[in-house]
There are 2 protein chains.
Amino acid sequence: MLFGGVVQVNPAESRTPVMADVARLAGVSHQTVSRVVNGHPNVREETVLRVRRAIDELGYHRNSTARALVTRRTNTLGVIAFDTTLFGPAQTLAGIERAAREAGYFLSMVSLDDVSPDGVATAADYLIQQSVEGCVAIAPQRSLVEALAALSGPRPLVTVEGGEGSGLPVVCVDQVQGARDAVHHLLGLGHTTVHHIEGDPLWLESEARVVGWRRALEEAGAPVPEPLQGDWSPRSGYELAFSLVERRAAGERVTAIFVGNDQMAIGVLRALHEAGLNVPGDVSVVGFDDVPEAEYLTPSLTTVYQDFAQVGRESLALLLGEIDRNGSADRIARRVVPARLRVRGSSGPPPP
Amino acid sequence: MLFGGVVQVNPAESRTPVMADVARLAGVSHQTVSRVVNGHPNVREETVLRVRRAIDELGYHRNSTARALVTRRTNTLGVIAFDTTLFGPAQTLAGIERAAREAGYFLSMVSLDDVSPDGVATAADYLIQQSVEGCVAIAPQRSLVEALAALSGPRPLVTVEGGEGSGLPVVCVDQVQGARDAVHHLLGLGHTTVHHIEGDPLWLESEARVVGWRRALEEAGAPVPEPLQGDWSPRSGYELAFSLVERRAAGERVTAIFVGNDQMAIGVLRALHEAGLNVPGDVSVVGFDDVPEAEYLTPSLTTVYQDFAQVGRESLALLLGEIDRNGSADRIARRVVPARLRVRGSSGPPPP
DNA sequence: ATCCTTGATGTTAGCGCTAACAATGTTGGC
DNA sequence: GCCAACATTGTTAGCGCTAACATCAAGGAT
């Protein structure tokens, strides 16, 4: 009241203009300004122009907070992500961001530092606080998905690579099929079996790739060696490859390695090189992800391509559908994006 | 009114609870609830407990929109980024996100698809709409920074790798020093000069690395060959390296290549390998970025490390400072994070 | 001429919250 | 025992916007 009064007396007092200021300048009611701003049809053309001019003159911007309060719509979606510095999550995030912008939504982002239920609850609270209308969780670990499923908010919630059985809608790449294709490719080249260096075993993607790898071997009647557990890092690929090299030296036949991602595959290539083994002459290597540099490694890396942009788009489409449906889902939605094998130089027939 | 009436008559009607609901259940005024929620000191302990219980029972969450409307603070910062799928921007974004969360701010993100002034204006409008209290622009191109500087909002605005002369505060890695260190390292090994494959010449980082490279050569009195212009992609590194190989075949002495980033360096290593040249025996290669796989390439890549997490933290600190200072800056702030050379296997003395 | 429809605008009442002030007790110094 | 100082709680008035209704003029159908 006091402040308002001061402003009345001294109109030169500069503060961000509000709708009433525009209305005064244009000589209309604030409601008419609202109509113009929102593109309401029943406003005389001349009035529209007058209001537009006033808006430009004052540099008016609609206060989205006030609008959100009354419309009860924040127009904001949330994203919960775990480790966006990795290739897949970063790509997916970019895809989601783009799709959200195209759909006219704002995006609010939280990154998880740890996968503890507490950390997840904190992140979820953060988004609830923001009153997001829905949320996408790039939730690659089982414990993370479970923690999210157990929480009451935010909803609706779509998971990316969230696995099955959580009761939450999910978008994912067909990891099982991708891994199967990779292993079939190697078996088709004549390898009697394929060893596997998996990613972080806590990740659902890692799990699914193990399933696909095992299934392909079983389908072909090939022996199934014990998979080695890595953590997605080049270092782990490097170290685990050395343990395979040792087993090879001990007489085991290791001619093909399917690696959980390209970063580890780079470590594997390095280890094999150091061990004096030729790729693909002595050992074939297949990765997963198809990072941009895969084609330019020495040798170029056979790998499995994942369309992360598509995953982003699909998850946003799914989320918007859930928002429209407003919780009345007849069944849990699930969208699967196919993976695609990219055959390059690191895979070939086994040595005689 | 009508709806309100219905709710009154039928309290079982479930809708998200508001402060008044909590107040009624706890037998206090809504203001007391507000005091409890905001940790105001002068509330009797027993009252606090009663209110807390009511909050838990109803699953109440404060409506941040209403709060923002009255406090005139959205508690939200914006990020404008260009191509977050690249290593540097993705890392920086993660650093900013973390720092923002620790400072109690929400983060709203926009990604730019193109660097046209129109695209930038649209992105800026998007954040103004959101009423962000400040903004960080991961703005690696001159045109982008200029477009941002020309706009009236959002403010305050801190740029990352935004160069000088825009009039905007900036946080950056010391690209010039990093490049200089890399070139000094190569000259110190005995190379008579160092060739340069630069990144996308529209990027300021690329420009700064060229400056550092040139300065180091000039300081040493070494000849300065024409730099080759790439686009950060492995493909461009691969193709440009071939043109250097040709010049070598034509008699030019090319024994050391400083490459604008690690991705291109991977392409370079590949091209040299295909040309039958040994690294570092025939040609030394140094990259920039220190991506996680650099250490595990064959040979392991000498490169320049950038502490992106630090850049993220610094830019947020700078932004918060600007917000506090509320536009009364005496001079344009600038924070420089040092780069660090990582010497590995891809650099060595020149052939005799 | 009368009524209803339609278009263009204004008026009013909140959305859920916090700031400011008012109204109580409650304590302690003298 | 009285009053100042303080702690605790309640009351009121908006923040800037949109939805709903009210108003008024200008036709067209009857």
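Labels below follow one simple rule: chain letters A, B, ... track the order of the sequence lines, proteins then strands, and each chain is numbered from 1. Remember, it's a predicted structure, so these values are computed and weren't measured experimentally.
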Length of the CG-C1' vector between A/L69 and D/dC15, whole Å:
9 Å

Within less than 4.0 Å of OP1 or OP2 of D/dT18, is there a side-chain N or O belonging to A/R62?
yes

Hey, does the side chain of A/T32 come within less than 4.0 Å of C/dG10's phosphate (OP1/OP2), counting only N and O?
yes

Taking only the side-chain heavy atoms of B/N38 (C-beta and beyond), determine which of C/dT18, C/dT9, D/dT18 contains the nearest atom.
C/dT18

Without decimals, in angstroms, what is the distance between A/Q31 CD and C/dG14 P?
16 Å

Sugar-phosphate, base or nothing in reach of A/N42, heavy atoms under 4.0 Å
base

Listed partners of A/A103 passing side chain to side chain contact (heavy atoms under 4.5 Å, CB included), at least two apart
A/Y105, A/L316, A/L320

Tell me which of B/P17 and A/V43 sits closer to the 5' end of DNA chain C, going by the nucleotide each one is nearest to.
A/V43

Answer with base, sugar-phosphate or nothing: what part of the nucleic acid does B/S29 contact at a heavy-atom distance below 4.0 Å?
base

Output all residues satisfying side chain to side chain contact (heavy atoms under 4.5 Å, CB included) with A/N42, sequence neighbours left out; order by chain, then residue number.
A/H40

Choosing from D/dG10, D/dA19, D/dT12, which nucleotide comes nearest the side chain of A/T71?
D/dA19

Do the charged groups of B/R24 and B/D21 touch, with an N to O distance under 4.0 Å?
yes

Under 4.0 Å from OP1 or OP2 of D/dC17: is there any side-chain N or O of A/S34 that close?
no

Is there a side-chain contact between A/R72 and the phosphate of D/dA19, meaning an N or O under 4.0 Å from OP1 or OP2?
no

Donor/acceptor link under 3.5 angstrom from B/R35 side chain onto base of D/dG10
yes

Can you check whether B/R67 has a side-chain N or O nearer than 4.0 Å to OP1 or OP2 of C/dT18?
yes

Remember a base hit wins even if backbone is also touched, and classify B/T47 as base, sugar-phosphate or nothing at under 4.0 Å, heavy atoms.
sugar-phosphate

Terminal axis angle for the helix from C/dA1-D/dT30 to C/dC30-D/dG1, five pairs an end, nearest 10 degrees:
50°

